[in-house]
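Note that ligands are numbered from 1 as they come in the structure, with each ligand's atoms numbered from 1 the same way. Sequence positions, counted from 1, serve as the residue numbers for this chain.
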Amino acid sequence: MQGMEQILQKGAAMSHNDLVRLLALPKDESKVLFDYSRKVKEEAVGSRVYFRGLIEFSNICAKDCLYCGIRRSNIHTARYNLTDEEILQAARYAWEQNYASIVLQAGELFSEAFSKRIEGLLRKIHQQTQGNLRVTLSLGEQSEDTYQRWFDAGAHRYLLRIETSNPELYHRIHPSDALHSYAIRLKALESLRKVGYQTGTGVMIGLPFQTLEDLANDLIFMRDFGIDMVGMGPYLEHEHTPLYDERGRLWPMMDRFDMALKMIALLRISMPKINIAAATALQAIDKMGREKAIRIGANVIMPNITPGSYRNSYKLYDNKPCTDENAEDCTNCLQARVGMTGNSIGFGEWGDSGYYRERNLI
Ligand code: 5AD
Ligand code: FES
């Protein structure tokens with residue numbers, strides 16, 4: 001592509017047109033993009049990669065997203081819910097391994113009992129780790145009041161993917177009812193920021209009906225929102241979901257993978273100081289998927305520390321990796337893998353988003 005360097009140097013000022021052109025780069029020309037994003041990453045966030053121990057504590061979900069394997073209507077999934085003690089034990093494990101951060105993720109539930117449970121868990125986690133763990137929540141859309149209560153109980157980061165910034169596409173991949181509304185999703189993301197969380201979002205890449213224009217808009221959405229952290233990965237079809245019927249229109253798996261890497265590279269160039277996670281979905285396609293993402297822009301990885309026997313049941317998509325391993329295997333495996341990329345793990349470091357820190361100084 002002519003003038004590619006010049007376009008890349010625009011950084012945060014890359015236009016929608018520029019982004020579409022770069023996303024359309026053929027494979028043999030994307031090296032320039034990846035070399036550039038690697039440089040930006042090194043300069044902005046260095047070669048440290050941060051661990052977030054992921055605890056998928058329940059797959060019981062009130063929602064029915066058309067792409068997701070743990071959707072309410074999927075009768076083929078055995079539902080589980082870890083006990084508080086099991087969750088606390090996993091959190092202790094993360095602390096003992098010097099992870100410094102954990103993520104509590106589960107299907108979406110909306111009730112006072114659930115809000116209370118999370119509040120209690122947060123307090124106990126901080127008690128037993130002497131406030132040394134950063135806790136991220138990934139528990140879907142909640143009221144601002146609930147977000148505030150959880151923040152006050154010690155959760156300071158929250159992940160809520162927008163899934164796609166195109167409202168029309170959003171509605172195509174969700175049931176059409178009040179529980180699944182783009183407007184509410186967006187409002188929830190705004191509430192999180194207002195409450196003061198380090199706010200994370202993300203999208204799925206390679207959804208049926210999605211275009212390069214949509215993906216360019218996703219990047220602009222994250223930039224204009226001023227998001228602190230992002231986790232995004234390829235869409236992977238799940239057999240027992242309605243969106244599986246559209247698999248005929250999907251890009252080939254490898255194209256979805258390559259597009260996810262380009263999205264990560266372009267996001268790093270547009271927002272040099274944010275935290276970007278190497279999504280597990282990347283590894284479902286390519287055994288070295290997460291490592292490739294780290295090379296070209298990601299700086300966070302989420303080892304699964306859910307007790308092994310439950311991992312098989314938290315399947316959002318087919319071929320989820322690492323479902324047979326136990327937590328210790330994942331730590332060792334990931335440490336070696338990250339080492340291979342020339343990066344090192346920031347054990348014992350919180351690894352807050354540099355972007356978040358800067359926007360709070362102003
Ligand atoms: N393929 C890829 N990602 C998925 N997610 C849910 N289902 C799938 C799927 N089939 C992602 C969504 C959600 C996150 C927890 O997992 O983006 O926000
Ligand atoms: Fe789980 Fe490698 S990350 S075994």
Side-chain ion pair, [X] and [Y], N-O less than 4.0 Å:
| X | Y | result |
| --- | --- | --- |
| Glu112 | Lys116 | yes |
| Lys31 | Asp35 | yes |
| Asp352 | Arg357 | no |
| Arg337 | Glu291 | yes |

Within the 4.0 Å heavy-atom cut-off around ligand 1, the contacting residues, ordered by chain and number, are Tyr67, Cys68, Gln105, Arg161, Glu163, Met204, Pro234, Tyr235, Leu236, Leu316, Tyr317
Classify the angle between the aromatic ring planes of Tyr158 and Tyr147 as parallel (below 30°), tilted (30 to 60°) or perpendicular (above 60°). perpendicular
Whether over 12 other heavy atoms sit under 6.0 Å from Asn332 CG: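 More than 12 heavy atoms, drawn from other residues, nucleotides or ligands, come within 6.0 Å of this atom.
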